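Before any comments, here is the structure.
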Amino acid sequence: DNNKKFYLTLPTIVNDKGFYVGAGLGINNQMLHSVSGEFLYKTKRNMIYGIGFGLGRDNLLLSPAISGRVYWEIGKKNE
């Protein structure tokens, strides 16, 4: 498959409620494929909501991208 993609994401460690920021790069066929940034918000109930904005390259054209994310904690709760 000549269209393999590799994504690198710089993780943000989220410990308490509040706002966080992160960044990401996408590499396709040994070239930079996309660049993005993301804003996260963590609630008191450990739900995390994110919105991201970026630019992707498709056949030498730059196209904007918008993403939305929801994260939740998995595993046991400490009581």
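The figures here come from the full heavy-atom set of this structure, side chains too, leaving out hydrogens, waters and symmetry mates. Since this is a predicted model, take the numbers as computed values, not measurements.
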**Study point:** For Y49, all residues meeting side chain to side chain contact (heavy atoms under 4.5 Å, CB included), sequence neighbours excluded
**Key:**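 Applying side chain to side chain contact (heavy atoms under 4.5 Å, CB included) to Y49 gives T43, M47, V70.
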Review point. For the atom pair CG (L40) and CZ (F19), what is the distance rounded to the nearest 0.5 Å?
Key: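 Result: 10.5 Å between the selected atoms.
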Check your understanding: Shared ILVMFWY cluster between Y41 and V21, side chains joined below 4.5 angstrom?
Key ->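 Looking at the clustering, V21 is in a separate group from Y41.
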Practice item. Search all heavy atoms of S34 against all heavy atoms of G56 and return the closest pair with its distance. Key: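 Scanning both residues completely, I find the closest heavy atoms to be CB-CA, 4.0 Å.
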Point to revise | Heavy atoms from other residues, nucleotides or ligands near CZ of F39 exceed 12 (cutoff 6.0 Å) | key: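 No.
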